[in-house]
Asks: 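The structure that follows is given in the form of structure tokens.
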Amino acid sequence: VNRLFSRPAGKILQSAPVRSLRIVPILVLTLCSAHLHPAASRQLGDAAFGEILSAYQAGRSAEAVAAFARWSPEKVESDATLSSGKPMPPWVRASVALLHLEAGLANDTFGTDAANSRVLVGTLADVEVHARRSTTIVNELAREAVRTGDQRLLAFCRLWHITASTSARLFQAPIADDPVFVLLEGRSHEFWMGPEICCGGLIEFNLLTDTDLVTRSHGKFSAQEARSAQASFRKALKLDPLLAEANLRLGHVLYLMDDRSGAEAQWQVAVRSAANRQDTFTSYLAHLFLARLYEDLGRNGAAKESYRRALTSLHEGQAATAGLARLLIETGEPEAGWSLLEHQVGSPRATAAVVDPWYSYSPIQGAWARDERLRQLRELVTQ
Amino acid sequence: VSSRLRWIIVVVAVFTSAALAAEDQPFRSGVERVRVDVLASHKGEPIVGLTGADFELFDNGVSRPVEVINSGQTVGVVVLVDVSYSALAFGSQERIPALVEAVLAAAAPRDRVALLSFGRGVRMIVPPTRDLAMVSEAARHLATLPVRRTEATALWDAVFYGAAIAREAGGRPLVAVITDGGDNASWLTPRQPSGAAWTKRAKARTIDALQGGGVAVDVIVRPLAGHTSEGLADDTYGDLLSGEIARTVGGEVHSAGSKSLKQDLAARFAALRAGYVLAFSTADSQRDGKWHPLQVRLRSRAGTVQARSGYFASTARGVR
């Protein structure tokens, strides 16, 4: 945790690799904490929120989350403890926000709207109770962190928002001129600019009413959203020139707009910045995107090398493996290609729950390495 | 008599499949080799033990040397189960075990079967095995997986991985995909609006690679709630039909709701066991994007050969 906060605040966006070994001491601590805590032997059952929160802060997170997740939306809405408005210390409020997030994720409702539509497009006021309550809390904490200069609290708020990504709702930054929040705004615009990313049906529907469409080799895109996305990513980079994910996403928008040289330049910068920050998510995707660009240009050797570098960043990368395998098959090395695929899903390590970053690129696909991020957030609030 | 009847059913199934594939969706050439599924028979009985030297193949009237890349006998099956949000939600999750059972019922004792799931990525659930009870048990577990909204569908990527495992399973490789049909996350063929040239090329490349691998891909369509499998063709998911993959690689599409699903799969497996997969190479000059009629016959021995009537050549020049 100390290492986490020894970095500049913007670096919290880095996608931490899944380090299973690091979980061991946490598990030990959690078990010890649960054993020693006076409430350890008590079942939370119909416990009041205060008791659930105490258990959560004491390290009994799974039990506390399960208990809170069982509450009906109406009960969460009406609970006096949650609605009292009594002033609480910032990190207690952070715990409450995180508990809301975990309960909403456990129920798979976080980010949906109150009417239980699966993909939310509306405003915060329409969101299901866990998302609405916790977003409000975290946004207040972010403003407070800026006022008081509390970088650790600000880092929590940034990471919370990244981890809370589950819907297509337009992201609204709680504070101005913060590189991470500006990046998240840009990511929303990137999502809505066109159907290249997950949930194309939803976006195509949106594009039907868009009067400012541009046609590129990858399809039709909203020119306005593309401009807004680029503006956000450039602004984020001005605020934090080493924010590699902004280079990555700016490059992606440029690529979809057929600016290949611009895209290549951004991805090369992303590769360098991500390497400096050990940002696996960005490093992997920047190499992956470069590989596709080189395939488009017929530079198969460079494409293969980029795929291999992506796999050096993340051995479990299924998208890069598939891309490299197809290219090998196409270029006269079929057995090498098929073997690569077979090894990727057939080897024992393939059972690890590592989602390829490409499958988490869109905000609606959920945060990459979410469990690891939640673990980091829990560490923050239990400090 | 029953043996002869079974053989006729097999011949009809294969011939119909090949004909439909040729009509509905052009058979694309592989970048390096063109694959041709054939059935060789004499007086109604399958001929076994043939090699490439026993076949004569004419591509656009030009004789081409062929090799037998697979001669059936056993089937290496990968059952690829879609566990994405749309496939599990709406009460359809509990149907997974029965659909997997339908595939297992068609498998012979010597066939090896693997079980994989896919959503955001592919997971090996059961590696290739002859222990079908183990596969059944694992399929029942899939029916209890939590349903997650963020679980997208990387269908094309998953089929590619499934093909690789099927090739390793031994025998005639088959990927049987149980899905509702929509892809929204694949790297190999990213979601694009219908008709985008880039997308078409990406799909053609993936299909070429699948064909080069000699893997048959069948799809068992579990329509979304309120849809029929036929209705999927007209819904908003448009070109993301699951059937597209199957038809373009010479596979078959089955409806999960069909009362004859088990019989259809049994006939399909029998056809795969009785057939041969031939392959021949094409020169760059042959990759003209045009229809190439094919003739396949036996060399120096009695019998007939049933094969597709032709293929559309790829235009991918100089990729090798």
Side-chain angles (χ1 to χ4, degrees), chain A residues 108-109 111-112 118-119 166-167 194-201 203-205 207 217-220 288 292 295-296 298 300 316 318-323 325-326 329-332 334 337-347 350-351 353-356 358-360 362 364-367 370, chain B residues 30-33 85 89 114 116 119-125 127-128 146-154 156-158 160-165 167-168 182 184-188 190-199 201 205-206 208-210 212-213 235-238 240 316 318-320:
Chain A
D108 198 36
T109 56
T112 59
R118 307 310 296 177
V119 179
T166 59
S167 79
E196 206 268 346
I197 309 173
C198 176
C199 292
I203 302 199
E204 281 175 17
F205 180 78
L207 291 181
S217 57
H218 285 257
K220 288 182 180 175
L288 190 72
R292 176 184 283 171
E295 282 188 279
D296 288 353
N300 290 336
E316 298 89 344
Q318 291 194 350
T321 302
R326 182 176 65 181
I329 291 167
E330 286 176 333
T331 54
W338 291 115
S339 170
L340 199 64
L341 291 165
E342 194 274 335
H343 183 71
Q344 183 62 274
V345 292
S347 67
T351 56
V354 179
V355 174
D356 188 288
W358 169 248
Y359 303 139
S360 291
S362 161
I364 203 168
Q365 291 169 299
R370 180 190 279 166
Chain B
V31 171
E32 51 176 357
R33 288 192 297 184
Y85 172 71
L116 277 72
R120 294 195 303 176
V122 186
R123 293 285 175 271
M124 176 79 83
I125 309 297
V147 181
R148 294 285 172 210
R149 278 182 305 132
T150 51
E151 197 66 46
T153 317
W156 285 79
D157 291 358
F160 209 41
Y161 277 101
I165 301 298
R167 283 167 54 90
E168 292 297 314
N184 58 14
S186 280
W187 172 254
L188 295 175
R191 182 75 164 94
Q192 301 285 342
S194 304
W198 192 94
T199 313
R201 180 167 174 270
R205 290 178 61 198
T206 308
D208 281 347
L210 284 170
D235 77 6
T236 52
Y237 291 93
L240 299 179
V319 178
R320 188 188 298 268

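Numbered from 1 within each chain, the chains take letters A, B, ... in sequence-line order. Only a predicted model underlies this, so the values are computations on that prediction, with no experimental measurement involved.
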Asks: Name the region of A:L288, side chain, backbone, both or neither, that has any atom closer than 4.5 Å to a heavy atom of chain B.
Replies: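 For A:L288, heavy atoms of backbone and side chain both lie under 4.5 Å from chain B.
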Asks: Using modelled atom types only, decide if a donor and an acceptor are shared between the side chain of A:W358 and the backbone of B:A185 within a distance under 3.5 Å.
Replies: yes
Asks: Rounded at 0.5 Å granularity, tell me how far CE in B:M124 sits from CD in A:E342.
Replies: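 It is 6.5 Å, given to the nearest 0.5 Å.
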Asks: For the CG atom of A:D108 and the CD atom of B:E151, what is their distance to the nearest 0.5 Å?
Replies: 10.0 Å
Asks: Between B:R205 and A:E330, does any NZ, NE, NH1 or NH2 come within less than 4.0 Å of an OD or OE carboxylate oxygen?
Replies: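 Between B:R205 and A:E330 there is a salt bridge, with a charged N closer than 4.0 Å to a carboxylate O.
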Asks: With a 4.5 angstrom heavy-atom cut-off, which part of A:T321 approaches chain B: side chain, backbone, both or neither?
Replies: both
Asks: Can you sort out the partners of A:R370 under side chain to side chain donor-acceptor pair (under 3.5 Å), two or more places apart, ordered by chain and number?
Replies: none
Asks: Are the side chain of A:R326 and the backbone of B:L188 linked by a donor-acceptor contact shorter than 3.5 Å?
Replies: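 Side chain of A:R326 to backbone of B:L188, a donor-acceptor pair under 3.5 Å: yes, one is there.
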Asks: Could you measure the distance from the CD1 atom of A:I329 to the OG1 atom of B:T206? Nearest 0.5 Å is fine.
Replies: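 If we round to the nearest 0.5 Å, A:I329:CD1 and B:T206:OG1 are 9.5 Å apart.
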Asks: Suppose we screen for ring-ring contact (aromatic ring centres under 6.0 Å, His included). Which residues come up paired with B:Y161, at least two apart in sequence or across chains?
Replies: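 With sequence neighbours excluded, B:Y161 shows a ring-ring contact (aromatic ring centres under 6.0 Å, His included) to no residue whatsoever.
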Asks: Do A:R292 and B:W187 meet the cation-pi criteria used here (NZ or CZ under 6.0 Å from the six-membered ring centre, within 45° of the axis)?
Replies: yes
Asks: Which atoms of B:A163 are under 4.5 Å from chain A, going by heavy atoms: the side chain, the backbone, both sets, or neither?
Replies: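 Contact with chain A involves both backbone and side-chain atoms of B:A163.
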Asks: For the candidates B:G121, B:A154, B:P146, which exhibits the highest count of non-hydrogen atom pairs separated by less than 4.5 Å from chain A?
Replies: B:G121
Asks: Does a side-chain heavy-atom distance below 4.5 Å link A:Q318 with B:R123?
Replies: yes
Asks: Answer yes if the side chains of B:D157 and A:Y359 hold a donor-acceptor pair under 3.5 Å, and no otherwise.
Replies: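 The answer is yes; a qualifying pair exists.
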Asks: In terms of heavy-atom proximity below 4.5 Å to chain A, should B:T153 be classed as side chain, backbone, both, or neither?
Replies: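 No part of B:T153 comes within 4.5 Å of chain A.
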Asks: Which word best sums up how the rings of B:F160 and A:W338 line up, parallel for under 30°, tilted for 30 to 60°, or perpendicular for over 60°?
Replies: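 Tilted: the ring planes of B:F160 and A:W338 meet at 30° to 60°.
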